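From a predicted model like this one, the values you see are computed outputs, not experimental measurements. Proteins get letters first, then strands, A, B, ... in listed order; numbering begins at 1 in each.
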Protein chains: 2
Amino acid sequence: MALFLSKFENKVDKKGRVSVPARFRSVLAEKGYGSVVLFPTVEGDAINACGMDVMEGLLERIGGFDPFSEERDSDADVLMAEAVELPIDGDGRIMIPQELLDQAGIDGACLFAGRGDSFQIWRPEAFEERMKQAKERARAKRARSVKVGAE
Amino acid sequence: MALFLSKFENKVDKKGRVSVPARFRSVLAEKGYGSVVLFPTVEGDAINACGMDVMEGLLERIGGFDPFSEERDSDADVLMAEAVELPIDGDGRIMIPQELLDQAGIDGACLFAGRGDSFQIWRPEAFEERMKQAKERARAKRARSVKVGAE
DNA sequence: TTGACTCCCATAGAATTCCATGATATCCCA
DNA sequence: TGGGATATCATGGAATTCTATGGGAGTCAA
């Protein structure tokens with residue numbers, strides 16, 4: 001199976017269109033999709049993106065419609081309501097709803113970051129920042145595991 | 001399979017007509033339906049909407065008609081009795097019965113919220129409120145699980 | 001006849017498709 | 001292996017289609 005790997009930065013034009021990186025498009029195409037599903041991250045600082053297969057798996061996990069159940073996870077409902085399926089046009093572009101762009105603070109350009117079975121869309125500077133923190137954490141963890149009980 | 005995703009706000013005109021969002025119409029059409037089934041939520045704060053397939057699945061789970069059984073869930077009877085099948089007109093609109101609108105407190109505009117295999121119709125402000133609460137819950141849950149599983 | 005509902009048409013605005021261009025990457029053959 | 005020829009890609013703008021929404025005419029029943 002092909003994976004979403006690496007990162008790409010593309011422009012958002014004044015009509016709100018963005019090219020989906022060709023690599024990512026071909027991964028989606030391989031799964032048989034001509035569209036992407038987007039939804040905000042829980043933290044709200046970026047946008048998650050995946051194929052419809054991920055959403056279907058999610059729906060399966062929370063179970064089908066049941067009007068008498070309070071069980072059905074309300075988080076999942078939120079997710080379904082906040083998710084959008086965006087068709088990829090003939091030129092490989094999508095139109096990201098303004099609401100999602102605003103939430104993620106994306107303005108003129110956005111960064112596509114592969115995550116294996118999905119990818120994320122970030123404001124470039126925010127991604128940079130997050131990357132730095134993640135590396136820091138990783139380094140700290142590694143240092144700790146070397147000299148046990150240190151710091 | 002196509003899912004009901006995302007949310008849309010449409011107006012209810014003075015004749016009581018509302019456009020069903022085009023996306024939702026195409027999901028229904030894909031299933032072969034030219035109509036929607038509506039019934040109130042158990043909490044009574046919104047309207048459930050789905051294709052006939054969901055109702056059929058529901059009936060199956062409840063158990064079909066049996067004249068010698070008193071067992072049949074009365075909730076289910078209520079559900080079937082309160083449900084209405086609304087045809088979608090040539091312009092993609094439906095006429096929601098006044099009773100359902102009143103129950104959900106819907107007045108001039110209504111919000112269609114995707115739930116995967118079904119969708120709901122809300123008074124916009126009420127949906128906003130519910131969304132806020134659900135997100136809060138989700139964030140809290142996530143914070144908890146991070147703390148437990150983290151370094 | 002009145003009221004409720006169905007069709008049909010009109011329209012403004014939004015979304016989608018189509019076409020053009022420069023830039024980059026890939027391929028192919030000497 | 002080099003370098004020109006050929007695809008691919010991201011991007012901008014214009015043209016076209018679609019969508020939501022309002023209003024009016026015809027239908028049917030009470």
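Following chains of ILVMFWY side-chain contacts shorter than 4.5 Å, one cannot reach M95(A) starting from V18(A), and the two form parts of different hydrophobic clusters. Transitive grouping of hydrophobic side chains (ILVMFWY, heavy atoms separated by less than 4.5 Å) keeps V78(A) and V42(A) in distinct clusters.
At whole-Å resolution of the value, NZ in K14(A) and P in dA14(C) are 16 Å apart. A straight line from CD of Q98(B) to P of dA4(C) spans 11 Å, rounded to a whole angstrom. The CG-C1' distance, from D13(A) to dA15(C), rounds to 13 Å in whole Å. Distance L86(A) CG to dT17(C) P: 13 Å, rounded to the nearest Å.
In this structure, F119(A) and F112(A) have tilted ring planes: the angle between them lies in the 30° to 60° band.
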Name the pairs: protein N/O against N/O of nucleotides 5-7 of chain C, kept only if under 3.5 Å.
none

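Taken from NZ in K31(A) to OG in S26(A), the straight-line distance is 11.5 Å, to the nearest 0.5 Å.
The backbone N or O of K15(A) lies less than 3.5 Å from a partner atom in the side chain of D13(A), making a donor-acceptor pair. Remark: the backbone N or O of E85(A) is paired with a side-chain donor or acceptor of R23(B) at under 3.5 angstrom. Panel note: side chain D117(B), backbone F65(A); a donor-acceptor pair is recorded below 3.5 Å.
Contact annotation for V12(A): no contact, since no heavy-atom pair falls under 4.0 Å across all strands. Using a 4.0 Å heavy-atom cutoff across all strands shown, R25(A) reaches sugar-phosphate atoms only and no base atom.
Residue P21(A) is the one, among P21(A) and E9(B), whose nearest nucleotide of DNA chain D lies closer to the 5' end (criterion: closest heavy atom).
Using a 4.5 Å heavy-atom cutoff, the side chains of V27(B) and E30(B) are not in contact.
On the nucleic acid side, DNA chain D has its first and last nucleotide under 4.0 Å of a heavy atom of chain A at dC9(D) to dA14(D), going 5' to 3'.
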